[in-house]
Amino acid sequence: MVDQHTPPKWSRYKYPESLYKHGTLLIVLLFLGYSLHFLNVDIPLLLGALGGLVGVVGDRYYPPDVAYVLDRGYLAAILDTLQMSFLGGFAGVCLAIPLAWFSAWNVSPNRRVFFPIGRLGVISCRAIHETIWTILFVSVLGFGMLAGVSALTMFCVGFAGKLFADEIEAIEMGPVEAMRSAGANPFQVFLYAVVPQVRVAFTGIAIYTWDVAFRAATVVGFFGGGGMGWYLKRNVQQLENLRVAAIILSIIAMVLVAEFLSGWLRATVNRAK
Amino acid sequence: MTVLSVTGLKVRYSAKGPEILKGIDFEVKSDDFLAIIGPSGAGKSTLIRAVNRLVEPTAGEIILLDHNVCDLNAKQLRELRRNVGMIFQEFNLINRMSVMDNVLSGRLGYTGNMRSLFRMFPKEDVDQALYYLDRVGLSDHINKRADELSGGQRQRVGIARALMQRPKLLLLDEPTSALDPKISREVMGLIRDIARELKVPALCNIHDVQLAKEFCNRIIGMQDGYKKFDGATETLKDSDLEEIYAMEVL
Ligand SMILES: Nc1ncnc2c1ncn2[C@@H]1O[C@H](COP(=O)(O)OP(=O)(O)OP(=O)(O)O)[C@@H](O)[C@H]1O
Ligand SMILES: [Mg+2]
């Protein structure tokens with residue numbers, strides 16, 4: 001028998017996959033076009049508006065009232081916001097760790113009971129935006145920091161819970177099996193086989209969560225949670241544009257500081273691996 | 001005395017997937033050091049892991065230390081697993097923990113949640129860990145992190161951890177395949193000596209037929225989910241090996 005070799009054919013995208021791939025792209029583009037059309041976006045007008053924005057800002061918001069943000073009352077509000085983000089971040093991370101453990105499929109203590117509880121907990125925290133959490137808590141607890149911290153806690157549970165769970169699901173399963181085969185219960189498996197593997201990543205995520213919580217804290221304040229956001233709202237309502245400009249600048253400055261600090265801390269933690 | 005008896009064991013990893021073990025019967029007696037040999041993919045690891053239900057059997061019966069393994073609930077299964085020490089090809093140590101904590105973790109099945117949380121193991125356990133670390137030759141490395149050790153040293157930690165359970169059976173899944181030939185012999189020798197010393201039977205997957213012949217008193221040959229050979233090491237003939245490894249020759 002003669003062995004006849006036809007050279008094998010190869011193409012990167014075989015028939016059905018190429019159809020899905022290009023089809024998806026086409027649908028996305030079509031929808032984008034449709035949305036633009038539907039919105040009646042007038043591109044030249046949009047560009048003109050940008051110019052207008054610069055004019056208005058220069059006109060009404062310059063020069064910012066720097067003295068106002070250096071006042072004792074406002075500096076205390078900055079501190080409030082910082083405290084809120086710390087408390088909310090801390091409580092959120094503490095709640096997120098058990099929820100993430102429950103909702104990680106590979107090491108969940110019980111896939112029929114705890115897994116859905118964990119998933120549902122994290123998802124419902126994420127599903128509701130932090131402004132809506134604030135409005136909800138303000139209506140229950142009244143204006144002020146307690147409502148703000150509660151709202152930030154929910155926000156952080158949703159934010160960190162998802163990241164924690166993803167991290168747990170990516171661990172090496174070898175040590176988990178070793179602990180299970182030694183007769184360890186799910187809690188012990190979590191302590192000995194999971195925690196050592198995710199410790200560093202969790203620390204990084206916790207710092208990142210604080211950073212994001214700090215940004216959210218300004219918004220939370222705007223809706224009644226206290227702190228810098230609350231000052232912003234009052235001055236917006238009183239049309240104190242120069243003060244508003246100064247507050248926005250101070251928020252930008254603080255967020256940059258938080259971002260830089262969190263980046264530096266995370267890099268330090270990663271080096272300590 | 002029979003420590004483990006397996007009858008008609010079948011395993012599938014998923015309902016639609018192929019049958020990996022297709023009806024396996026064998027026994028482990030209390031003085032056995034039993035080797036399972038066979039080509040890659042024969043189902044050796046699956047078999048070992050089904051014994052303590054790290055893999056769920058789909059059919060058959062496993063009687064381990066007078067318990068029907070498949071009938072146990074989660075808590076009973078944990079209590080039974082405490083009696084079975086397991087040693088893995090990839091060591092499966094906790095890399096970011098010290099050698100001492102790794103060895104102590106073998107006692108978790110006997111330790112409460114609070115003690116586990118704060119790593120407060122009873123003094124007897126610590127003394128025992130020191131004894132076994134000395135026995136496997138790691139006294140100088142007690143406080144090192146597990147990932148600072150060489151392969152051979154890591155497997156010695158794995159051995160000490162398994163011994164901490166005071167096992168009544170050892171399950172070994174290719175304990176030396178990740179090690180070089182010289183270290184492999186040393187580690188196999190160590191395991192055999194300790195098994196004799198403590199009078200613990202062992203069930204051991206081995207790739208290397210030479211090692212199996214050297215260290216084990218009985219051999220089971222597997223191929224493609226079936227048992228093809230079962231007998232004393234001396235009775236294993238070259239023709240048996242050819243049959244077991246037939247798939248690989250082709
Ligand atoms: N978790 C799993 N899910 C699905 N299939 C699996 C899984 N683990 C193993 N298998 C399949 O089971 C078969 C037997 O695998 P097993 O690991 O038991 O073989 P083995 O004899 O130990 O091989 P090796 O000598 O390479 O370790 C293989 O075909 C493998 O693809
Ligand atoms: Mg294997």
Side-chain angles (χ1 to χ4, degrees), chain A residues 3 93-95 97-98 100-102 104-115 117 164 167-206 266 268-273, chain B residues 45 48-49 51-55 74-98 101-119 145-147 154 157-158 161-167 169-173:
Chain A
D3 219 353
V93 165
C94 287
L95 286 172
I97 288 175
W101 170 38
F102 294 170
W105 182 250
N106 53 352
V107 294
S108 182
N110 181 315
R111 287 183 180 173
R112 240 173 284 152
V113 183
F114 285 95
F115 177 77
I117 292 177
F164 282 164
E167 203 61 49
I168 294 178
E169 286 185 339
I171 62 168
E172 257 180 65
M173 288 301 281
V176 172
E177 284 198 335
M179 293 299 99
R180 283 183 182 156
S181 74
N185 65 34
F187 178 64
Q188 293 169 322
V189 170
F190 180 69
L191 286 181
Y192 282 75
V194 180
V195 171
Q197 292 194 59
V198 298
R199 209 172 46 204
V200 173
F202 271 28
T203 314
I205 292 170
R266 271 180 290 152
T268 312
V269 168
N270 276 332
R271 241 177 290 127
K273 248 181 224 270
Chain B
S45 302
I48 284 237
R49 294 149 57 79
V51 169
N52 63 355
R53 263 174 69 189
L54 284 180
V55 168
K75 186 159 187 297
Q76 293 166 327
L77 181 61
R78 285 202 295 272
E79 275 164 14
L80 185 63
R81 279 176 177 172
R82 304 194 297 204
N83 298 306
V84 181
M86 205 161 182
I87 298 174
F88 304 84
Q89 178 176 358
E90 300 299 334
F91 323 130
N92 291 355
L93 302 182
I94 295 130
N95 283 333
R96 291 199 184 130
M97 268 185 356
S98 70
D101 282 336
N102 265 289
V103 174
L104 284 170
S105 72
R107 292 301 291 173
L108 283 178
Y110 300 88
T111 311
N113 282 338
M114 270 302 136
R115 276 181 178 273
S116 310
L117 180 60
F118 297 106
R119 299 194 191 169
R145 256 169 59 149
D147 53 8
R154 286 186 207 196
V157 178
R161 176 174 70 185
L163 295 178
M164 287 299 284
Q165 294 173 235
R166 302 208 191 108
L169 173 68
L170 284 172
L171 296 177
L172 319 173
D173 191 0

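Chain letters run A, B, ... following the sequence lines, proteins first, then strands; residues in each count from 1.
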B:Arg96 side chain vs A:Pro196 backbone, donor-acceptor pair below 3.5 Å: yes

Note, B:Arg119 side chain near A:Leu191 side chain (heavy atom, < 4.5 Å): no

Non-hydrogen side-chain atoms of A:Glu177 and B:Met86 separated by less than 4.5 Å: no

Proximity breakdown for B:Arg53 and chain A, heavy-atom pairs closer than 4.5 Å: neither

Donor-acceptor pair, side chain of A:Tyr192 and main chain of B:Ser116, under 3.5 angstrom: yes

Qualifying residue for side-chain contact (heavy atoms from CB on, under 4.5 Å) with A:Arg180, from B:Leu77, B:Leu54, B:Asn52: B:Leu54

Any donor-acceptor pair under 3.5 Å from A:Gln188 side chain to B:Leu117 backbone: no

Largest heavy-atom contact set with chain A, pairs under 4.5 Å, which of B:Arg107, B:Met97, B:Met164: B:Met97

Exercise: identify the closest heavy-atom pair between B:Leu93 and A:Pro175: O-CG, 3.5 Å

Derivation and outcome, side chain to side chain contact (heavy atoms under 4.5 Å, CB included), residues A:Ser181 and B:Val84: CA-CA 7 Å; A:Ser181 74; B:Val84 181; over 6 Å; no

Closest non-hydrogen atom pair, B:Gly106 against A:Ala182: O-CB, 4.2 Å

Per-residue contact mode, B:Glu90 against chain A (heavy atom under 4.5 angstrom): neither

Pick from A:Ala184, A:Gly183, A:Ala178 with the largest number of heavy-atom pairs that fall under 4.5 Å of chain B: A:Gly183

Between A:Gln197, A:Met179, A:Met173, the one whose heavy-atom pairs under 4.5 Å with chain B are most numerous: A:Met179

